[in-house]
Peer 1: 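Next up is a structure, given as structure tokens.
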Amino acid sequence: MQEYKYESELVKQELFNDKRLSKRKMFDSRDISIELNTLQNANGSAILTLGKTKVVAGIKIMPETPYPDTPDEGSISVGIELSPMSDPNFGSGPPSEDSIELSRVVDRSIRESKGLDFKKLCIKEGEKIWCVYIDIYIINNDGNLFDACELCALAALKCAKIPKLDDEFKVVKEEYDGHLELLKNPILFTFAKIGDKIVLDPDLIEECASDARFSVAITEDKNLVAIQKGLHGAFKIDEVKNMASTAIKNYDDVFLKFNKILKSKSAH
Amino acid sequence: MQEYKYESELVKQELFNDKRLSKRKMFDSRDISIELNTLQNANGSAILTLGKTKVVAGIKIMPETPYPDTPDEGSISVGIELSPMSDPNFGSGPPSEDSIELSRVVDRSIRESKGLDFKKLCIKEGEKIWCVYIDIYIINNDGNLFDACELCALAALKCAKIPKLDDEFKVVKEEYDGHLELLKNPILFTFAKIGDKIVLDPDLIEECASDARFSVAITEDKNLVAIQKGLHGAFKIDEVKNMASTAIKNYDDVFLKFNKILKSKSAH
Amino acid sequence: MQEYKYESELVKQELFNDKRLSKRKMFDSRDISIELNTLQNANGSAILTLGKTKVVAGIKIMPETPYPDTPDEGSISVGIELSPMSDPNFGSGPPSEDSIELSRVVDRSIRESKGLDFKKLCIKEGEKIWCVYIDIYIINNDGNLFDACELCALAALKCAKIPKLDDEFKVVKEEYDGHLELLKNPILFTFAKIGDKIVLDPDLIEECASDARFSVAITEDKNLVAIQKGLHGAFKIDEVKNMASTAIKNYDDVFLKFNKILKSKSAH
Amino acid sequence: MSKKKDEVVYFDEKGKRFDGRSQFEIRPITLKVGVIERSDGSAYVEWGQNKAIAAVYGPREMLPKHLADANKATIRYYYRMAPFSVPDRKNPKPGRREIEISKVSGEALSHSVDLEQYPNTAIDIFVTIFDSNAGTRITALLAASLALADAGLPMKDLVSGIAVGKAGGKLIADMNKHEEDASDAVDLPIAMLPNNNDIVLLQMDGVLTEKEFYECLDIAKKNCQEIRELQVSALKEKYSVDFNSGD
Amino acid sequence: MSKKKDEVVYFDEKGKRFDGRSQFEIRPITLKVGVIERSDGSAYVEWGQNKAIAAVYGPREMLPKHLADANKATIRYYYRMAPFSVPDRKNPKPGRREIEISKVSGEALSHSVDLEQYPNTAIDIFVTIFDSNAGTRITALLAASLALADAGLPMKDLVSGIAVGKAGGKLIADMNKHEEDASDAVDLPIAMLPNNNDIVLLQMDGVLTEKEFYECLDIAKKNCQEIRELQVSALKEKYSVDFNSGD
Amino acid sequence: MSKKKDEVVYFDEKGKRFDGRSQFEIRPITLKVGVIERSDGSAYVEWGQNKAIAAVYGPREMLPKHLADANKATIRYYYRMAPFSVPDRKNPKPGRREIEISKVSGEALSHSVDLEQYPNTAIDIFVTIFDSNAGTRITALLAASLALADAGLPMKDLVSGIAVGKAGGKLIADMNKHEEDASDAVDLPIAMLPNNNDIVLLQMDGVLTEKEFYECLDIAKKNCQEIRELQVSALKEKYSVDFNSGD
């Protein structure tokens with residue numbers, strides 16, 4: 001990311017005075033907007049913008065054979081495509097390690113919140129379960145894909161419909177059997193450490209200036225459900241505690257906005 | 001294909017007077033010769049030469065599980081190997097996009113003619129169907145692999161035997177249960193546009209000089225069953241109509257020759 | 001392997017007088033040491049050193065579906081990882097042709113000795129058989145991976161336990177149902193030809209100086225059960241006969257040492 | 001029990017198609033230029049249920065270098081369908097169909113751009129389909145051509161296109177998935193430079209008489225010219241300049 | 001019939017865990033430096049049932065060249081599990097889990113080495129797990145850090161680590177597989193430079209309150225410092241010099 | 001019900017094998033040089049039911065360049081079986097068996113060519129098997145050696161070969177598939193430079209006594225010399241020159 005070398009310097013200069021180029025406060029997130037279920041072939045979908053970062057998530061809920069060691073549990077699968085259309089530095093080809101890390105952090109944020117009851121996703125023990133496929137494409141990358149993808153996945157899940165099955169467990173096209181139930185609303189908060197300053201929801205230029213990254217997923221009961229530290233830099237213990245407590249503090253505000261958008265868009 | 005730069009210029013000079021280096025007329029195909037069923041492990045096979053272009057097609061008819069959405073239909077699968085033995089510019093490794101396009105055009109020529117009744121290739125609905133594997137290798141590439149491969153596939157199919165099955169739907173080795181029935185005889189005709197001239201059945205040097213390619217598959221009832229336009233050049237509507245009508249005009253002649261060779265080679 | 005150019009010259013100079021840099025005699029093997037069953041998740045395991053060459057073999061015995069043409073026979077699968085930790089010239093990534101050749105020679109040494117009765121590895125005809133997976137990692141490469149891997153595989157097999165199965169043919173964790181029976185003890189002997197001299201058990205520097213390689217697997221009844229010649233050089237018929245007879249002569253000595261180590265390590 | 005294909009009616013008593021369209025009526029098209037900030041050019045196209053986004057990056061350095069053409073830029077076209085864009089979930093790995101479509105679509109666009117101006121470079125076009133209902137390769141092509149224009153590349157003309165075809169015994173324009181599944185279905189995607197009627201993409205599956213084929217070409221020609229107007233409008237909306245002036 | 005997870009007892013009446021350990025007791029650790037002659041540096045670590053071997057090659061030429069960083073060396077970390085290292089046989093091809101662990105572990109180690117001294121080069125670290133019972137990524141990291149030291153690379157400090165977590169309602173240190181399968185299990189692997197308590201790796205799965213999380217960090221900090229002593233002893237055993245002198 | 005292998009008879013009362021051959025009789029061999037116009041050298045070999053075509057390209061530039069050997073040409077050998085060349089359909093992707101055979105066959109041919117004359121180059125040999133019935137690697141090798149000669153490369157000698165072996169208790173030459181499936185089957189493919197009896201390829205599967213093994217070598221030696229005569233005749237047929245003169 002040599003391209004933003006000059007801008008990175010600007011970022012650092014401003015941060016010297018606890019200011020961001022974007023005029024945001026250190027722990028402020030960018031605005032979000034969401035469109036729901038505009039894609040008919042998906043069982044649920046969301047298009048989310050976080051500032052200028054734009055991602056789309058599509059859900060497919062498919063009957064599959066259960067894993068032998070969990071015959072009565074459904075499963076989820078998260079795949080994130082760092083689509084080359086969204087960033088000149090993303091290549092085509094098989095998933096990169098960046099894409100794999102991102103997918104797995106989003107997967108854990110949702111899975112570990114226990115918002116999806118995997119037992120309820122069992123169709124017939126040992127024979128058929130529902131697998132919830134969450135596929136996410138980056139459309140425009142202006143930084144913080146972690147939070148954008150996680151929130152977009154959550155929005156898509158919350159409006160997803162479960163297909164109807166016939167007696168042979170085959171999907172009946174265009175018929176549905178209720179909604180996916182989501183018992184928790186995990187929201188991911190990602191921080192960047194630049195020099196010795198920490199900001200929430202870094203944009204692309206801030207990411208280019210970053211030394212370390214910290215992501216933590218919080219649920220409505222203010223529990224932590226997933227954490228990932230990244231990049232070459234290090235955090236002090238107090239910094240980590242401060243970021244966790246900031247995320248918890250910010251949860252209600254973000255969740256409120258998120259819910260409001262969802263309710264305004266969605267009938268159910 | 002820089003290697004034929006000089007020859008390409010010659011091709012274009014001659015075409016200025018509607019002449020070809022090979023002395024062929026603009027819409028003449030090269031001679032074909034065919035050998036049938038010389039390969040014992042194949043259920044049907046043909047080795048075809050079109051001028052100096054040489055290809056071999058082998059058929060394997062195997063019992064397989066049907067696709068869920070067509071439980072009572074057999075299927076075909078066409079794979080063409082642009083074998084590196086046939087051309088210094090062909091590499092080893094997974095199928096190139098050239099090979100995939102070629103395979104899919106040959107597949108469509110045969111499939112869309114509806115010459116193979118997929119319902120008749122059902123062994124037991126929902127359980128077993130016949131899959132007709134058509135694998136084609138290029139042995140020597142002197143241009144127009146499209147027509148050579150398609151005609152070779154057709155010849156191999158016409159002499160293919162269906163294996164005998166035991167009660168558990170396993171193949172009984174070296175025993176057969178009749179022939180594959182082919183209700184139509186689709187023949188592919190490929191044209192090259194060089195400057196503003198159009199020729200049928202281009203050889204390798206003409207291909208190197210080509211701006212655009214047009215292939216159309218015709219059946220004995222003079223219907224069009226598959227079309228593919230290729231390369232960076234463009235065609236005018238009248239040129240397309242002229243090529244289609246030329247292909248239809250040439251069909252009987254080519255089919256007659258083809259059938260004559262087949263009958264002289266094959267007992268049944 | 002340019003790195004050992006100078007050492008290769010020394011090797012050749014010494015061999016001029018039938019001497020080896022290591023002071024070993026021409027047909028002497030390096031010392032072996034073996035640790036058994038130190039890995040609890042493996043069904044059997046061995047760590048073997050041959051001089052400074054060190055390899056580890058782990059066995060997994062898994063219930064699998066039989067091949068259609070051998071419904072009442074178990075199978076084995078040998079995979080050797082030329083781990084990049086063991087040699088600066090080994091890369092990560094899919095198996096190289098060196099790794100494939102090595103795996104297949106070890107596989108054949110064990111398989112062709114008929115020491116494993118594949119019929120006894122049938123659980124239920126046509127439904128379930130045991131597959132014996134032998135995975136081998138190179139830890140340090142100081143030459144002659146062929147003999148090191150084969151002997152290590154043999155040691156691991158000889159101490160491998162067969163898992164217990166429940167009524168649905170699923171493995172019951174940490175319970176066993178007796179030992180794998182090995183009726184033969186095939187031992188591989190690998191020779192290197194350097195100039196016109198031949199040595200047994202070449203170390204890495206000798207390998208770098210080698211023109212040709214010859215490996216032969218011998219069983220306790222002094223039969224030959226697998227052979228592989230490698231590299232660009234050639235052997236005379238008499239040289240091959242001499243190597244085969246040397247291997248047969250050396251068998252008892254190596255097997256005695258091997259057995260002694262095994263008995264000192266293993267309870268059963 | 002599934003209905004037999006032969007019993008399916010493709011035209012009602014008033015000659016209307018299953019989705020209410022008349023024989024040669026096309027589904028609504030929405031086009032938007034400049035939708036991906038990071039790209040050099042981009043566009044979004046909605047055609048009935050089909051939704052495609054295209055982004056152009058380039059001219060930029062060709063990597064690996066040995067693929068570079070010393071005489072001109074090389075267009076690389078990547079047509080991809082999202083796993084959730086089809087009734088069944090699609091494997092995210094590009095399949096043979098996507099590779100073939102990418103090849104012929106890239107060739108079609110190559111005719112429209114003055115590639116000689118940028119020797120040794122690559123022009124990468126990434127198109128993703130997010131929702132589909134027959135006709136995605138043409139939807140993608142419209143988006144890609146707009147994205148090329150948005151990237152400011154010198155072009156002979158826009159590439160317009162349509163899938164014409166046949167279902168239930170009659171020729172139709174812009175068939176949908178339902179019609180594509182007819183037992184006598186013919187799918188004939190075609191793309192042109194509408195200003196001089198250069199055909200740059202043409203494929204066909206299914207059985208057509210010679211006469212029907214010629215009719216299809218004429219239907220396509222008319223539609224391409226109309227669709228070009230929509231594309232021009234979308235560009236004007238972003239740039240407020242007259243793209244027709246130089247024709 | 002398998003026992004329901006909820007009926008499983010994770011602490012007996014004396015507060016001992018399933019394998020006899022107390023709440024914050026860690027399993028025995030054995031470390032050995034210099035185990036692979038061909039490598040530039042290597043180490044073997046046994047932690048309970050976990051067994052890891054690490055080898056370092058480099059600094060050496062970065063291939064392919066375009067990945068080289070003109071300002072510093074690049075650490076490439078390969079964490080791999082042998083097929084026989086787990087209860088079921090693992091596919092030998094590296095999975096997504098192994099790729100993610102390799103990424104964050106390589107990043108953690110990058111912080112500990114003075115990479116600027118070796119611009120344009122690669123430092124390759126290969127770690128293989130031969131036996132496992134929860135906690136392998138940390139076991140691997142200890143081995144890798146020792147191997148880097150054994151390779152003579154200039155380091156700020158060793159990287160130490162531990163997985164802390166929760167099972168059966170209580171926080172615990174160094175959980176095993178049995179505890180990892182608890183219905184309320186939390187796994188929190190963490191790695192630090194113990195001298196200044198720099199956190200270089202931190203991941204967490206499972207449900208923790210804010211307070212529990214802070215407690216976990218403090219437990220980890222204490223353990224990392226103790227484990228560092230073991231690492232230093234292992235180095236001393238090979239080199240007989242005092243690695244603490246320069247702290 | 002399938003017949004037990006042990007009941008199979010491999011020699012009839014007259015000592016004839018299942019296909020009528022005597023114990024050391026080989027199947028008919030047909031060889032043809034120069035069958036692929038585009039190649040630098042090519043040959044077709046039919047051996048019983050086995051059918052192989054070989055083409056040589058080179059010496060030509062080695063790509064990727066870092067694989068080039070500054071001292072000599074590198075032979076790359078690609079042995080491949082067509083999917084329809086075996087009783088069951090073979091996956092077109094090269095399997096481990098094909099890769100191993102390619103390696104040892106390429107090594108065998110490397111001994112026969114004066115590679116030092118062409119430093120830094122690649123000599124690529126592509127061989128495809130179109131029909132098979134035991135013995136294909138040797139059939140391929142004969143074709144490849146003829147193709148190298150046809151390409152005009154400087155050679156010490158042709159490479160000849162045969163698979164000898166055992167079935168039904170007796171040593172045999174040139175076993176077929178039926179014999180290869182015997183419960184005591186031994187397969188011993190071997191290739192030599194017949195003029196000086198240099199063994200360049202040698203593999204063996206199955207159980208042989210020392211004495212049997214030596215006998216196999218002697219049978220092979222005799223056969224290789226005879227097969228070399230057939231190869232020379234095939235070359236003469238194309239070139240009408242005496243290839244034996246310089247021996």
Side-chain angles (χ1 to χ4, degrees), chain C residues 3 35 37-47 49 51-54 56-64 77-81 83-95 99 103 131-143 156 160 163 166 170-174 204, chain E residues 1-2 34-44 46 48-58 60-61 63-64 76-94 98-99 102 122 124-133 136 140 143-144 147 177-178 181:
Chain C
E3 55 186 325
E35 284 181 76
N37 276 349
T38 56
L39 308 176
Q40 294 175 51
N41 274 310
N43 296 134
S45 71
I47 302 170
T49 59
K52 289 179 177 170
T53 288
K54 187 171 188 170
V56 52
I59 310 286
K60 278 285 188 186
I61 306 178
M62 310 287 288
E64 307 278 8
S77 159
V78 176
I80 300 183
E81 184 87 14
S83 170
M85 73 182 161
S86 66
D87 191 309
N89 300 310
F90 292 167
S92 61
S99 154
S103 305
C131 180
V132 179
Y133 292 96
I134 307 170
D135 286 290
I136 304 177
Y137 278 72
I138 314 302
I139 294 178
N140 192 63
N141 175 23
D142 190 36
D166 66 15
K170 280 187 193 166
V171 169
V172 181
K173 297 216 164 146
E174 285 165 44
L204 188 69
Chain E
M1 262 190 54
S2 76
V35 296
I36 300 180
E37 201 209 13
R38 299 281 321 265
S39 70
D40 295 317
S42 61
Y44 170 71
E46 215 174 290
Q49 189 184 331
N50 298 312
K51 292 179 188 64
I53 296 187
V56 167
Y57 288 89
R60 61 181 178 183
E61 190 189 4
L63 289 174
R76 293 186 295 191
Y77 188 94
Y78 301 84
Y79 164 95
R80 298 287 184 267
M81 298 196 82
F84 47 78
S85 69
V86 284
D88 286 322
R89 180 171 185 265
K90 196 203 150 286
N91 187 321
K93 230 185 89 188
E98 285 160 296
I99 291 169
S102 297
D124 289 320
I125 309 174
F126 303 103
V127 194
T128 309
I129 306 296
F130 290 112
D131 207 356
S132 72
N133 186 330
T136 57
K177 184 104 192 66
H178 169 72
D181 290 340

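So you know, we letter chains A, B, ... as the sequences are listed, proteins then strands, and number each from 1. Given the structure is predicted, the values throughout are model-derived calculations rather than measurements.
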Peer 1: Please flag which part of E/Tyr57 lies under 4.5 Å from any non-hydrogen atom of chain C: side chain, backbone, both or neither.
Peer 2: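 For E/Tyr57, the contact with chain C is made by the side chain alone.
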
Peer 1: What part of E/Arg80 is in contact with chain C, defined as an atom under 4.5 angstrom from a non-hydrogen atom: side chain, backbone, both or neither?
Peer 2: neither

Peer 1: How far apart are the C-alpha atoms of C/Tyr137 and E/Phe84, what are their side-chain angles, what is the distance that settles it, and do they pass the side chain to side chain contact (heavy atoms under 4.5 Å, CB included) test?
Peer 2: CA-CA 11 Å; C/Tyr137 278 72; E/Phe84 47 78; 4.2 Å; yes

Peer 1: Would the distance check show the side chain of C/Asp135 and the main-chain N or O of E/Ala82 forming a donor-acceptor pair, the cut-off being under 3.5 Å?
Peer 2: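 Not at all, since once roles are kept as given, no pair shorter than 3.5 Å links the two residues.
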
Peer 1: Based on non-hydrogen pairs under 4.5 Å, which of C/Gly79, C/Pro95, C/Ser86 is most in contact with chain E?
Peer 2: C/Ser86

Peer 1: How long is the gap from CG on C/Asn41 to CZ on E/Arg89, to the nearest 0.5 Å?
Peer 2: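 That separation rounds to 13.5 Å.
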
Peer 1: Show the nearest heavy-atom pair for residues E/Ile36 and C/Met85, with the distance to one decimal.
Peer 2: CG2-O, 3.5 Å

Peer 1: What part of E/Ser132 gets closer than 4.5 Å to chain C, counting heavy atoms only: side chain, backbone, both or neither?
Peer 2: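 For E/Ser132, backbone and side chain are both near chain C.
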
Peer 1: Of the listed residues (E/Ser85, E/Ala147, E/Ser39, E/Pro92), which shares the most heavy-atom pairs with chain C below a 4.5 Å separation?
Peer 2: E/Ser85

Peer 1: So do E/Arg76 and C/Ser92 actually touch side chain to side chain, heavy atoms under 4.5 Å?
Peer 2: no

Peer 1: Could you give the distance from CD1 (C/Ile139) to OH (E/Tyr44), rounded to the nearest 0.5 Å?
Peer 2: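 Atom-to-atom, C/Ile139:CD1 and E/Tyr44:OH are 9.0 Å apart.
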
Peer 1: Quick one: do C/Gln40 and E/Asn133 satisfy side chain to side chain contact (heavy atoms under 4.5 Å, CB included)? Show the steps, please.
Peer 2: CA-CA 10 Å; C/Gln40 294 175 51; E/Asn133 186 330; over 6 Å; no

Peer 1: Taking all heavy atoms of C/Lys60 and all of E/Val86, pick out the closest pair and write down the distance.
Peer 2: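 It is NZ-O, 2.6 Å.
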
Peer 1: Using modelled atom types only, decide if a donor and an acceptor are shared between the side chain of E/Lys93 and the backbone of C/Pro94 within a distance under 3.5 Å.
Peer 2: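 No, the answer is negative, given that no donor and acceptor are paired below the 3.5 Å cut-off.
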
Peer 1: Check whether any side-chain heavy atom of C/Lys54 lies under 4.5 Å from a side-chain heavy atom of E/Val35, and answer yes or no.
Peer 2: no

Peer 1: Distance-only, no hydrogens or angles: does the C/Asp87 side chain make a donor-acceptor pair with backbone N or O of E/Arg38 under 3.5 Å?
Peer 2: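 Not at all, since once roles are kept as given, no pair shorter than 3.5 Å links the two residues.
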
